[in-house]
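Structure first, then comments.
It should be emphasised that the depicted structure is a prediction, and the values quoted were computed from it without experimental measurement. Every heavy atom of this structure was used, including side-chain atoms; hydrogens, water molecules and symmetry mates were not. Here is how names work: the chains are called A, B, and so on, in the same order as the sequence lines, proteins then strands, and each is numbered from 1.
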Number of protein chains: 2
Amino acid sequence: MVDITVEFNSKVPIYIQIYEQIKDLAYSGKLKPGDSVPSSRALAGLLEINYHTVNQAYQALWKDGLLKMERGKRYVIAKGKPENEVYSEIEEEGREMINRALMVGLTEDEIMNLMKRILKGKNGGAGNHA
Amino acid sequence: MVDITVEFNSKVPIYIQIYEQIKDLAYSGKLKPGDSVPSSRALAGLLEINYHTVNQAYQALWKDGLLKMERGKRYVIAKGKPENEVYSEIEEEGREMINRALMVGLTEDEIMNLMKRILKGKNGGAGNHA
DNA sequence: AATAGTGTTCTATATGATATAGAACACGTG
DNA sequence: CACGTGTTCTATATCATATAGAACACTATT
């Protein structure tokens, strides 16, 4: 039903991994508003983890407004692609990256070229700039 | 001597905060190779934290090769601005941001425009794209 | 009505990271 | 020698994470 995996060796908590993946599934449109997510016990069984851990992820998503629920029913996707919110998050990520790049002396052109190379998919690799 | 501050309410561990700030000071050139960092007890006194916590940050930086030390002496900045390493980290940050942007449907042009706006310093704010 | 499947709440335990604390040690410097 | 380094050791306290099981209220199905 859903494509969620978990890395046990990761430093990222399991419930955060689930949280992020469902967020991505919803924002990318693979999960649409009205779709229900697996029950905490079901997903816990698949991932071989405790259902309380799954619920921790769901409740975090509920706090974010991404999931809604009614008693006795499963959690359901509430939002689709909230452009403004995601856009703000992406912008913040970009801002942090740029701040760091400027701090170590990269020029605006170098930063823009880096972005272009990444977008092209196949770049010459890191290490041959400036 | 050095400009380091700590947020006690942050979810980021104190020793990580120190770690990041010294890294930035070294990479930005405010701390040059050969400069010594404050002694763990001295910095701990200024920040009003335990000196073991400061030492934890220093040892993490030593593992990264950014600090070097000799017995009985203070930690000393080893590297200056290791372009390739920082560049790789920045590239990785950029890659993650772009992946996320593409996932939610932003086009290449929109991403490039976002970067330009951020670089210009004063952009129209988030929320008015596409 | 009975059953099964939801999420919820409660108590409990175990582990690891974080942070503090103090003592003792080895080494370099003044 | 005295002082300031970092280091090592043991210890404690707290918090986040994860697991565990029981009991509950509600929904949907049979």
Side-chain angles (χ1 to χ4, degrees), chain A residues 1-2 4-23 26 31 33-78, chain B residues 1-2 4-23 26 31 33-78:
Chain A
M1 43 176 109
V2 289
I4 295 179
T5 56
V6 156
E7 278 288 338
F8 290 96
N9 296 333
S10 171
K11 320 119 218 170
V12 181
I14 297 176
Y15 83 97
I16 294 290
Q17 295 182 41
I18 298 172
Y19 170 91
E20 297 285 1
Q21 288 179 57
I22 292 186
K23 208 171 185 179
L31 280 179
D35 289 350
S36 62
V37 293
S39 77
S40 55
R41 288 178 177 82
L43 183 55
L46 288 177
L47 300 179
E48 294 181 320
I49 59 177
N50 192 277
Y51 68 90
H52 289 115
T53 304
V54 177
N55 220 266
Q56 195 174 1
Y58 286 175
Q59 289 182 358
L61 289 162
W62 175 81
K63 281 180 188 167
D64 286 3
L66 194 76
L67 291 182
K68 60 182 177 183
M69 77 92 46
E70 300 172 18
R71 295 212 60 164
K73 299 181 181 178
R74 290 189 196 166
Y75 275 101
V76 168
I77 302 290
Chain B
M1 44 175 111
V2 288
I4 295 178
T5 56
V6 156
E7 278 289 338
F8 290 97
N9 296 333
S10 171
K11 321 116 215 171
V12 181
I14 297 176
Y15 83 97
I16 295 290
Q17 295 183 40
I18 299 172
Y19 170 91
E20 298 284 1
Q21 288 180 57
I22 292 186
K23 208 171 185 179
L31 279 179
D35 288 352
S36 62
V37 293
S39 77
S40 55
R41 287 178 177 83
L43 182 55
L46 289 177
L47 301 180
E48 295 180 319
I49 59 178
N50 192 277
Y51 67 91
H52 290 114
T53 303
V54 177
N55 220 265
Q56 194 174 2
Y58 286 174
Q59 289 181 358
L61 289 162
W62 175 81
K63 281 179 188 166
D64 286 2
L66 193 77
L67 290 182
K68 60 182 177 181
M69 77 91 46
E70 300 172 19
R71 296 213 59 164
K73 299 182 181 179
R74 290 189 196 166
Y75 275 102
V76 169
I77 301 291

key: Net bend of the helix from C:dA1-D:dT30 to C:dG30-D:dC1, end axes of five pairs each, nearest 10 degrees   = 20°
key: Nearest-Å distance for atom pair NZ/P, residues A:Lys11 and C:dT18   = 12 Å
query = Can you tell which of C:dT8, C:dT29, D:dA18 lies closest to the side chain of A:Tyr75?
reply = C:dT8
inquiry  = Would you compute the distance between atom NZ of B:Lys68 and atom CZ of B:Arg74 and round it to the nearest 0.5 angstrom?
reply    = 15.5 Å
key: Residue pair A:Tyr58 / A:Ser39, side-chain heavy-atom distance below 4.5 Å   = no
remark   = Looking only at C:dG7, C:dA23, D:dT19, the nucleotide nearest the B:Tyr51 side chain is C:dA23
task = Between A:Arg41 and A:Ile16, name the one whose nearest nucleotide on DNA chain D is closer to the 5' end.
result = A:Ile16
task = Going by the side-chain contact (heavy atoms from CB on, under 4.5 Å) test, name the single residue among A:Ile49, A:Asn50, A:Leu47 that passes it with A:Ile14.
result = A:Ile49
request  = Start with the C-alpha gap between A:Val12 and A:Glu7, add the side-chain angles, then the distance that decides, and say whether side chain to side chain contact (heavy atoms under 4.5 Å, CB included) holds.
outcome  = CA-CA 8 Å; A:Val12 181; A:Glu7 278 288 338; over 6 Å; no
query = Roughly, in whole Å, what's the span from CD in B:Gln17 to C1' in C:dA19?
reply = 13 Å
ask   = Is there a side-chain contact between B:Thr5 and B:Gln17, using heavy atoms and a 4.5 Å cut-off?
value = no
request  = Establish, with yes or no, whether the OP1 or OP2 oxygen of C:dC27 is under 4.0 angstrom from a side-chain nitrogen or oxygen of B:Lys73.
outcome  = no
inquiry  = Evaluate B:Asp35 against B:Val76 for side chain to side chain contact (heavy atoms under 4.5 Å, CB included), listing each step before the verdict.
reply    = CA-CA 6 Å; B:Asp35 288 352; B:Val76 169; over 6 Å; no
request  = Please determine, for the side chain of A:Asn50, which listed nucleotide (D:dA20, D:dT27, C:dT20) has the closest atom?
outcome  = D:dA20
message = Quick one, B:Tyr19 and B:Gln56 - any side-chain contact, counting heavy atoms below 4.5 Å?
response = no
message = Any side-chain N or O of B:Thr53 below 4.0 angstrom from OP1/OP2 of C:dA19?
response = no
key: Pairwise side-chain contact, B:Leu31 with B:Val2, heavy-atom cut-off 4.5 Å (strictly under)   = yes
message = Can you tell me if A:Ser40 touches the phosphate of C:dG7, counting only side-chain N or O atoms and a distance under 4.0 Å to OP1 or OP2?
response = yes
key: Rounded distance (Å) that lies between atom P of C:dT18 and atom CG of B:Asn9   = 18 Å
ask   = Can you tell me how far P of D:dT19 sits from CG of A:Leu43, to the nearest Å?
value = 12 Å
message = Run A:Ile4 and A:Ile22 through side chain to side chain contact (heavy atoms under 4.5 Å, CB included) and show every step you take.
response = CA-CA 8 Å; A:Ile4 295 179; A:Ile22 292 186; 3.7 Å; yes
request  = May I have the distance from A:Ile18 (atom CD1) to D:dT17 (atom P), rounded to whole angstrom?
outcome  = 13 Å
query = Going by modelled atom types, is there a donor-acceptor pair between the base of C:dG7 and the side chain of A:His52 at under 3.5 Å?
reply = no
inquiry  = Checking A:Val54 against A:Ile18 for the side chain to side chain contact (heavy atoms under 4.5 Å, CB included) test, could you report, in this order, the C-alpha distance in whole Å, the side-chain angles of both residues, the deciding distance, and whether it holds?
reply    = CA-CA 7 Å; A:Val54 177; A:Ile18 298 172; 4.3 Å; yes
Those residues of residues 54-72 of chain A lying under 4.0 Å from DNA chain D by at least one heavy atom = A:Arg71, A:Gly72
inquiry  = Tell me whether the side-chain N or O atoms of B:Arg74 pair up with the base of D:dG6 as donor and acceptor below 3.5 Å, since no angle test is needed here.
reply    = no
ask   = For the pair made of CD1 in B:Ile49 and C1' in D:dT14, what is the distance, rounded to whole Å?
value = 17 Å
